[in-house]
Amino acid sequence: MAESAVTFLLDKLAPLFENELQLLRGGREEIVYVRGELERIRAFLRVADTLEESDEEVKVWVKQIRDVAHETEDILDEFTILLAHDHASGLYGLIHKLSCCIKNMKARYRIASQIKAINSRIRNISDGHRRLRQKFCVAEQGSSSTSTGWQDRREDALLLDMTDLVGIEERKSKLVGWLVDGRSGREVVSLAGMGGLGKTTLAKQVYDDAEVKKHFSVHAWITVSRSYKMEELLKDIVQQLFAAERKPVPKNLESQNSSQLKSKIKEVLQKRRYLIVLDDVWHVNEWDAVKYALPTNNCGSRVMLTTRNADLAFTSRIESEGKVYNLEPLLPEESWTLFCRKTFRGNSCPRHLEDICKNILRKCEGLPLAIVAISGVLAAKDKRRIDEWEMVRRSLGAEIEDNNKLLNLKKVLSLSFNDLPYYLKSCFLYVSIFPEDHLIEHMKLIRLWVAEGFVEAKYGKELEDVAEDYFNELLNRSLLQVAETASDGRVKTCRPHDLLREIIISKSRDQNFAVIAKDQNATWPDKIRRLSIHYTVRNVQLNRCVSQLRSLFMFGVVEKSPLRTLFPNGFRLLHVLDLQGAPIKMFPVQVMNLYYLRYLSLKETRVSRVPSYIGKLQHLETLNLKHTYVTELPDEILKLQRLRHLLVYRYKFESYAHFHSKNGFKSLDKIGQLQSLQKLCFVEANHGNGNIMIELGKLTKLRRLGVVKLRREDGKSLCSSIENLRNLRALSLLSVEEDEILDLEHLFSPPPLLQRLYLTGRLETLPHWIPNLESLVRVHLKWSRLKCDPLESLQVLPNLVHLELLQVYEGDTLCFKVGGFKKLKLLGIDKFDELRCVEVEVGALPRVEKLSIQRCKLLEKAPLGIEHLTKLKVLEFFDMPRELIQTLLSDEQGGDYGRVKHIPEVYSTYWRDGGWEVSSLESFNDSSRPSPVIRSQELHTRWK
């Protein structure tokens with residue numbers, strides 16, 4: 001992790017050499033020395049990272065480097081602030097400038113002196129590096145005792161008895177079937193999942209299965225260690241193959257190179273039906289190095305990989321037309337069985353310990369290794385001492401850190417982190433700032449990484465695109481888990497495994513990456529880089545330890561604490577300030593001094609006005625004012641030339657019978673000056689000098705645009721501007737009134753990358769350009785009131801996944817024809833006032849999984865042909881005629897029960913006795929099953 005700090009500092013030094021360094025009198029030579037030494041040291045830091053946990057001397061050395069890098073960065077940032085003073089004009093400005101010059105001269109001498117002191121420390125660190133060089137050389141050769149110990153523990157997984165395994169039979173049966181059945185060509189079967197799920201254990205059970213042994217004439221089990229060497233791996237395969245054939249190993253084996261070894265393996269396997277298991281493959285290049293030695297014969301051969309890397313599993317599947325088995329955590333009942341078996345020696349859990357044990361088990365999240373390891377700790381506890389068990393529940397993170405019985409668990413979970421490149425280590429440690437069970441917004445995390453400077457620029461890519469690659473790599477490595485997805489498949493929120501979170505919190509604390517403040521009396525380090533204040537902390541006083549502070553977060557803090565206690569003078573190096581949900585009504589005046597601020601979120605606060613001094617935040621990239629009371633922005637916002645994401649809107653909820661209109665902000669007349677903007681939501685069109693629509697066309701980097709309160713006369717200029725926005729992925733347009741026409745017929749060259757389209761307002765005809773957008777995956781049309789059926793045009797969209805139609809068509813019949821909507825999965829039909837019949841032809845809507853029909857008062861029967869929708873999982877009716885429900889229940893002639901009974905979930909929601917009542921088909925048929933009543937506000941939240 002020190003590598004990340006040093007690399008970040010070196011990147012920051014580069015522009016100084018080109019620009020301001022000459023202004024730092026007497027300091028240039030010192031800075032040159034700092035850069036040179038840090039560049040030399042950086043080459044060894046990646047190796048040092050692997051030794052840091054096991055070698056105290058290396059750990060101290062790495063900490064010294066990290067501290068020096070951080071302090072040097074602080075000095076340079078302070079120097080940059082000195083150069084950035086904005087002086088007023090006139091006599092006052094002249095006096096102020098003279099005063100600043102005197103102060104700056106003194107400050108420059110001070111900074112030069114500080115850099116000399118830094119140099120002295122770097123010389124000592126370099127001396128330490130020379131003493132440690134022998135350790136680094138040994139580590140680079142991959143012969144550390146750490147690797148050997150880990151190898152021993154992997155072999156333990158191969159010796160487990162069946163009584164130690166739970167929930168394995170069904171998984172094993174499926175994998176055995178994949179190996180012995182299927183086509184005659186060579187296939188690769190990958191077993192993927194996070195560390196500790198039991199991939200090796202399951203693979204060994206499959207490998208040793210009698211049917212598998214009988215089916216394949218040649219078998220080999222190869223463990224691929226992280227520090228493997230190609231030739232050693234190939235020699236291992238040769239030795240196992242010759243042992244299986246009961247032949248002597250070639251005498252010249254040790255002298256053969258990789259090419260000769262691959263040829264020998266291929267020669268042995270060419271005409272045999274073989275099974276090769278490659279256990280614990282980490283990277284695609286490891287598989288690439290071996291795969292050409294394994295012949296693609298037509299004997300029905302199989303290769304089985306176990307890996308934590310989902311990208312590797314996917315790649316091997318594509319190459320060989322193989323299969324991927326994503327190993328899932330144990331089910332709750334399986335977890336409980338294993339937990340009781342290991343904790344209570346097969347006996348049931350004492351009733352007085354059940355709540356505590358289930359709470360501990362919940363943190364294991366179905367991870368077999370975690371359940372077994374923690375059970376080993378609990379098995380030694382006195383069952384009469386509830387306090388001992390409660391202590392484990394409260395301090396599980398400390399147990400993982402200090403308890404030798406959990407050493408293996410810590411090692412397994414840490415391996416994936418240790419394998420990360422330095423830039424991903426910073427990104428993953430950042431996840432530790434979020435509270436337990438907090439669902440982390442995907443796009444928020446992307447913006448935060450960019451603001452922190454973790455993301456390296458790559459030619460031809462925006463920083464957000466590179467950050468997206470980082471995010472996907474953490475998902476592929478099973479370090480982040482997808483928590484929620486949008487209907488079109490985009491990841492909305494994510495989270496780490498609970499125990500993995502405990503590991504990175506520990507690492508974050510050890511490396512002074514971040515401090516989590518959830519205990520009023522906790523001991524903090526001398527200097528803090530990032531501070532995350534959680535729910536339970538009250539009256540926060542930050543009058544110390546903050547000179548290096550770069551980020552401040554508040555999660556769920558409701559105590560009203562004066563903001564001046566949060567913003568002492570030492571805060572001016574802050575990059576990230578997230579006050580989401582904080583109990584504040586005024587824009588914090590202290591923000592004006594945060595020169596380096598890149599990310600500011602006041603989301604869900606009661607702030608209603610943004611002051612003019614916002615223009616001082618020259619580095620600001622993200623301004624999030626969602627769900628505040630801000631309705632206009634000062635002209636000074638136009639000075640923020642680095643602003644990339646401007647989010648200002650809130651939902652206005654009146655009743656569920658009407659669309660949830662959004663309030664945006666009054667647009668600035670020259671908003672086109674914000675050339676870096678990528679996301680702009682939501683601009684109100686009915687304000688300003690009439691040039692707003694033209695100004696939007698200048699924002700050519702926009703990817704997401706939302707405009708509200710559109711008038712018919714805005715149409716022509718809006719369409720002209722949209723044609724300039726070639727990077728647009730999402731477009732949301734809302735008319736000023738329900739009856740106001742959205743005039744979109746002047747758009748002749750729509751953005752080719754557009755994926756999501758939301759149109760709210762009356763349309764004279766469906767825009768002619770919509771059917772040409774092949775990238776569209778999601779379309780919402782509301783209040784369109786078209787005279788012609790829009791399905792004819794929409795059904796040709798080749799990638800459409802989600803379609804929502806609200807009061808779109810005034811006809812009495814909707815017909816879904818065969819051949820259309822080939823990828824549609826979610827379909828919503830709402831408030832079609834004249835609709836009497838919905839028809840589905842055989843073969844139409846082949847992939848629809850959810851169909852929702854709402855407030856269609858004249859529709860009295862389920863869609864004709866609904867029985868043909870074989871993929872349909874959910875059929876939902878909302879506020880529909882009682883007659884329709886009655887036909888659903890009827891199995892007699894004219895009833896619909898027979899046509900919908902194959903659908904797993906059928907629901908109806910209707911108003912009764914002052915609340916919305918949700919009933920399933922089963923509860924209609926069984927009066928003894930109560931139906932939950934949901935009040936209208938709760939229903940709004942649920943549907944939103």
Side-chain angles (χ1 to χ4, degrees), residues 192-197 308-311 313-314 324 326-332 335 358-367 370 396-397 413 416-417 420 424 427-450 454 464 467-505 508 514 516 518 532 534-535 553 555-556 578 580-581 601 603-604 624 626-627 647 730 756 777-778 801-802 825-826 849-850 873-874 941-944:
M194 71 175 290
L197 271 177
R308 304 181 185 206
N309 191 330
D311 186 48
F314 176 77
V324 176
N326 291 303
L327 189 57
E328 298 292 337
L330 295 178
L331 297 172
S335 297
K358 287 182 177 178
N359 198 294
I360 294 173
L361 188 62
R362 183 182 63 81
K363 290 180 178 291
C364 295
E365 295 189 60
L367 204 63
L396 193 54
L413 295 179
S416 292
F417 175 82
L420 292 172
L424 284 184
C427 292
F428 189 50
L429 280 188
Y430 207 74
V431 174
S432 67
I433 66 177
F434 296 94
E436 184 178 5
D437 298 327
H438 183 89
L439 299 185
I440 305 166
E441 294 176 44
H442 167 207
M443 291 312 301
K444 176 177 181 175
L445 192 59
I446 295 290
R447 292 170 194 144
L448 286 169
W449 286 346
V450 171
F454 296 157
E464 286 79 2
E468 186 70 27
D469 292 340
Y470 292 1
F471 182 82
N472 288 329
E473 189 166 353
L474 291 175
L475 286 178
N476 288 334
R477 289 170 177 261
S478 304
L479 289 169
L480 287 179
Q481 302 172 344
V482 175
E484 296 174 319
T485 57
S487 59
D488 54 18
R490 290 174 299 124
V491 177
K492 290 174 64 178
T493 60
C494 65
R495 57 184 294 272
H497 189 284
D498 272 352
L499 296 183
L500 202 50
R501 179 177 174 272
E502 297 291 351
I503 296 287
I504 60 174
I505 285 176
S508 180
I516 314 299
K518 55 182 180 179
S532 181
H534 292 188
Y535 315 100
F553 296 84
F555 291 100
D578 189 344
Q580 179 174 343
S601 176
K603 180 180 177 181
E604 295 170 0
N624 189 344
K626 288 164 63 173
H627 311 306
L647 315 175
R756 302 181 299 282
V777 292
R778 188 169 178 172
V801 173
H802 186 180
K825 291 185 177 181
L826 289 93
E849 297 177 359
K850 180 177 178 180
K873 298 176 182 177
V874 178
T941 303
R942 172 176 163 174
W943 278 68
K944 191 176 98 176

Would Arg756 and Arg490 count as a side-chain contact (heavy atoms from CB on, under 4.5 Å) here? Give the steps. CA-CA 11 Å; Arg756 302 181 299 282; Arg490 290 174 299 124; 3.4 Å; yes
So, using side-chain hydrogen bond (donor to acceptor under 3.5 Å, both in side chains) as the criterion, who are the partners of Asn309 when residues are at least two apart? none
With Arg447 via salt bridge (charged side-chain N to carboxylate O under 4.0 Å, His left out) - residues at least two apart: none
Heavy-atom pair with the smallest gap, counting every atom of Leu327 and Leu197: O-CD1, 3.2 Å
Any residue meeting side-chain contact (heavy atoms from CB on, under 4.5 Å) with Glu441, in chain and number order, not counting sequence neighbours: Lys444, Lys603
Shortest non-hydrogen contact between Gly195 and Arg308, atoms and distance: CA-CZ, 3.6 Å
Between Leu499 and Leu396, is a side-chain contact (heavy atoms from CB on, under 4.5 Å) present by the stated rule, with each step listed? CA-CA 8 Å; Leu499 296 183; Leu396 193 54; 3.6 Å; yes
Residues passing the side-chain contact (heavy atoms from CB on, under 4.5 Å) test with Ala514, sequence neighbours excluded, are Ile433, Ser508, Arg530
Could you list the residues that satisfy salt bridge (charged side-chain N to carboxylate O under 4.0 Å, His left out) with Lys825, not counting sequence neighbours? none
Arg778: which residues meet the salt bridge (charged side-chain N to carboxylate O under 4.0 Å, His left out) condition with it, sequence neighbours left out? none
Leu413 backbone acceptor or donor facing Ser416 side chain under 3.5 Å: no
From Leu479 atom CG to Glu473 atom CD, the distance as rounded to the nearest 0.5 Å: 9.5 Å
Counterpart residues, ring pair (Phe, Tyr, Trp, His ring centres under 6.0 Å), relative to Phe428 (two or more places apart): none
Rounded distance [0.5 Å steps], CZ in Arg477 versus CG in Leu420: 5.0 Å
What heavy-atom pair brings Ile504 and Leu429 nearest, and what distance separates the two atoms? O-CD2, 3.7 Å
Are the side chain of Arg501 and the backbone N or O of Phe434 linked by a donor-acceptor pair below 3.5 Å? yes
Suppose we screen for side-chain hydrogen bond (donor to acceptor under 3.5 Å, both in side chains). Which residues come up paired with Ser532, at least two apart in sequence or across chains? His534
When rounded to the nearest 0.5 angstrom, what is the spacing between OH in Tyr470 and CG in Leu445? 13.0 Å
Can you tell me how far the CG atom of Leu448 sits from the CD1 atom of Ile440, to the nearest 0.5 Å? 10.0 Å
CG of Leu826 to NZ of Lys850: how many Å apart, nearest 0.5 Å? 6.5 Å
I'd like to check the side-chain contact (heavy atoms from CB on, under 4.5 Å) partners of Glu604; sequence neighbours left out, ordered by chain and number. Gln580, His627
Set of residues satisfying salt bridge (charged side-chain N to carboxylate O under 4.0 Å, His left out) with respect to Asp311, sequence neighbours excluded: none
Looking only at heavy atoms, what is the nearest atom pair of Cys427 and Trp449, with distance? O-NE1, 3.3 Å
Check Glu365 against Pro496 and note the closest heavy-atom contact, atom names and distance. OE2-O, 4.4 Å
Shortest non-hydrogen contact from Leu480 to Cys494? CD1-SG, 4.2 Å
Pairing residues for Glu484 by the side-chain contact (heavy atoms from CB on, under 4.5 Å) criterion, not counting sequence neighbours: Leu439, Lys492, Thr493
Which value, rounded to the nearest 0.5 Å, describes the distance between Asp437 atom CG and Asp498 atom CG? 5.5 Å
Evaluate the criterion side-chain contact (heavy atoms from CB on, under 4.5 Å) for residue pair Asn624 and Asp578; output intermediate values, then yes/no. CA-CA 9 Å; Asn624 189 344; Asp578 189 344; over 6 Å; no
Name all residues meeting the side-chain hydrogen bond (donor to acceptor under 3.5 Å, both in side chains) criterion together with Asn476; count only those two or more places apart in sequence or in a different chain, and write none if there are none. none
Criterion side-chain contact (heavy atoms from CB on, under 4.5 Å) on His442 and Leu475, from CA distance to verdict: CA-CA 11 Å; His442 167 207; Leu475 286 178; over 6 Å; no
